[in-house]
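These figures come from a predicted structure and were not determined experimentally. Below, chains carry the letters A, B, ... as their sequence lines are ordered, and counting in each starts from 1.
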There are 2 protein chains.
Amino acid sequence: MTDSWVDRFSDLAALPAEDKKLLTERAVSVSLPAGTTVFAPGVAAESFLLVLDGTIRVQQVSSGGREIVLYRVTGGESCIMTTSCLFSGEDYVAEGVTETEVDAVAIPKAAFEEAIARSSGFRQLVFSGYSDRISDIMHVVQEVAFERLDKRLAQRLLALSDPDGVIKATHQDLAAELGSAREVVSRQLKELQRRGWISIARGQIALTDADQLKSLAGSD
Amino acid sequence: MTDSWVDRFSDLAALPAEDKKLLTERAVSVSLPAGTTVFAPGVAAESFLLVLDGTIRVQQVSSGGREIVLYRVTGGESCIMTTSCLFSGEDYVAEGVTETEVDAVAIPKAAFEEAIARSSGFRQLVFSGYSDRISDIMHVVQEVAFERLDKRLAQRLLALSDPDGVIKATHQDLAAELGSAREVVSRQLKELQRRGWISIARGQIALTDADQLKSLAGSD
DNA sequence: CCCCAAACAGTGACTAAGTCACAGACGCAA
DNA sequence: TTGCGTCTGTGACTTAGTCACTGTTTGGGG
């Protein structure tokens, strides 16, 4: 196994061979189809997850059925929600869903703890994963508490658009990104369309003036 | 040193003597007066902090001057914001302020890494600290995104009240707890007073019907 | 003792966002 | 073609946040 998955993680690639061996021998490769619920409130974790390919969306759901996206885990990142539960034994307060097909490796709790104890590179990977997620979630708090919805919507449209400036998402999907309500997003989108910055079709939005959107997204 | 500070942390009290020795020898005791800014955006951490006594309030501040409290670190807990920055090197996105006089021990980065490598109990402490904080912050997201302000205010009044049912805080202070605006909180408080659930004085609020407040705080 | 500057609190008018209850519109499958 | 489920539009209303004020208390300094 010369081109192992460990070489995809910069913190792990430089590891001593014996540490790499520990990880590669004990890890279990998994492949998940799009739309799989990786973890959810009320389910305890049993292993640590490293994403190789694809993206996992981590979100919270309210009792009233509204949702908000907290962050996404993409290739080369660890899913700290699993780590978190592995250690504290607490239940998840969020859920993780694969947005695409996801290739990952699952490291059982025992091997995880051994790797943490032995490998400083592995510790670095796990801790920086925690740090990054805390930053992400704090950013979400900042946004929902203090920022205007039109600005946040513009940010998301820019972030979610493909190279052609197209977003394939329903208004409901966008509302879930922002933690808002579908009707509110529909009205905001209509206003952006009125200004000529986007064009709206069923299940799809095209950016027609990205510069104006960037200006709105970056306004203080 | 028979009654060392390490015995205040359940994860550390059971440690082998040599691990305790490492921590106690390398840690630096600090005592901070109330109102000290422990960390703030744009300042990098240089050591890991364990709080022995007192509380540190961790909050975010918006460009418009509004604030929101994320969580509090109390005696026997680690301040993971310092850990986070220690590892990722990223700047703080929040600020920490002592609410009372705080006794703490600061563990330099080198000793921290050594302890992490050697002591599973210390790892447990650090990881569970992370997990708890992530839960806290996710809870904040849930609240600001989805819950009504009157319910959140009732929750905070109950949480902040002393055994006599009194809260010494200005309306501005409460607004900062909730990430809302002072005028909004003033109006909410007036409504609670109109219902006879609280009584309002300058800089102080007294709960007069905690049961009704609990009912509001727990409503779904 | 009185004055006065801060800090604290109250208010009205307005804008932004969320809720509720619908009514259309579109698109695929039977 | 005709449903039927998903997606979107809309009006009326409530809740929350903003702005620009005014009023009120309070603890020093003169």
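Considering only side-chain atoms of A/Glu183, the nucleotide from D/dG9, C/dC20, D/dT18 that sits closest is C/dC20. Residue B/Val184 has its side chain nearest to D/dA16 when only C/dG18, D/dA16, C/dG27 are considered. Distances were taken from every side-chain heavy atom of A/Leu149 (C-beta onward) to each of C/dG27, D/dG17, C/dA17; the shortest belongs to C/dA17. Closest to the side chain of B/Arg202, from the set D/dA12, C/dA7, C/dC22, is C/dA7.
Side chains of A/Leu192 and A/Leu213 form a contact here, defined as non-hydrogen atoms less than 4.5 Å apart.
For the pair A/Arg72 (side chain) and A/Arg57 (backbone), a donor-acceptor distance under 3.5 Å is absent.
Within the 4.0 angstrom heavy-atom criterion, only backbone atoms of the sugar-phosphate kind lie near B/Arg148; the bases stay farther away. A/Arg66 comes within 4.0 angstrom of sugar-phosphate atoms only, judged by non-hydrogen atoms across all strands, and of no base. Counting non-hydrogen atoms under 4.0 angstrom, A/Gln204 reaches nothing in the nucleic acid.
Residue A/Lys190 has a polar side-chain atom (N or O) positioned under 4.0 Å from OP1 or OP2 of D/dT10. A sub-4.0 Å separation between OP1 or OP2 of C/dG18 and a side-chain N or O of A/Ser180 is present. Taking only side-chain nitrogens and oxygens, A/Gln188 never comes nearer than 4.0 Å to OP1 or OP2 of C/dA16.
Of the two residues near DNA chain D, A/Ala145 and A/His171, the one whose nearest nucleotide lies more 5' is A/His171. Mapped onto DNA chain D by nearest heavy atom, A/Ala169 and A/Phe146 fall at different nucleotides, with A/Ala169 at the one closer to the 5' end.
Geometric assessment of A/Arg195 against the ring of A/Trp197 yields a positive cation-pi assignment under the 6.0 Å and 45° thresholds.
Atom-to-atom, CD of A/Gln193 to P of D/dT10 comes out at 10 Å; the value is rounded to the nearest Å. In this entry the distance linking CG of A/Leu174 with P of C/dA17 reads 15 Å, nearest Å. Distance B/Arg182 CZ to D/dT24 C1': 12 Å, rounded to the nearest Å. In this entry the distance linking CG of A/Asp173 with P of D/dT6 reads 13 Å, nearest Å. Atom CG of B/Leu192 is separated from atom C1' of C/dG10 by 16 Å (rounded to the nearest Å).
Judged purely by distance below 3.5 Å, without hydrogens or angles, the side chains of A/Thr170 and A/Asp173 pair a donor atom with an acceptor atom.
For the atom pair A/Leu50 CG and A/Phe112 CZ, the distance stands at 9.0 Å (nearest 0.5 Å).
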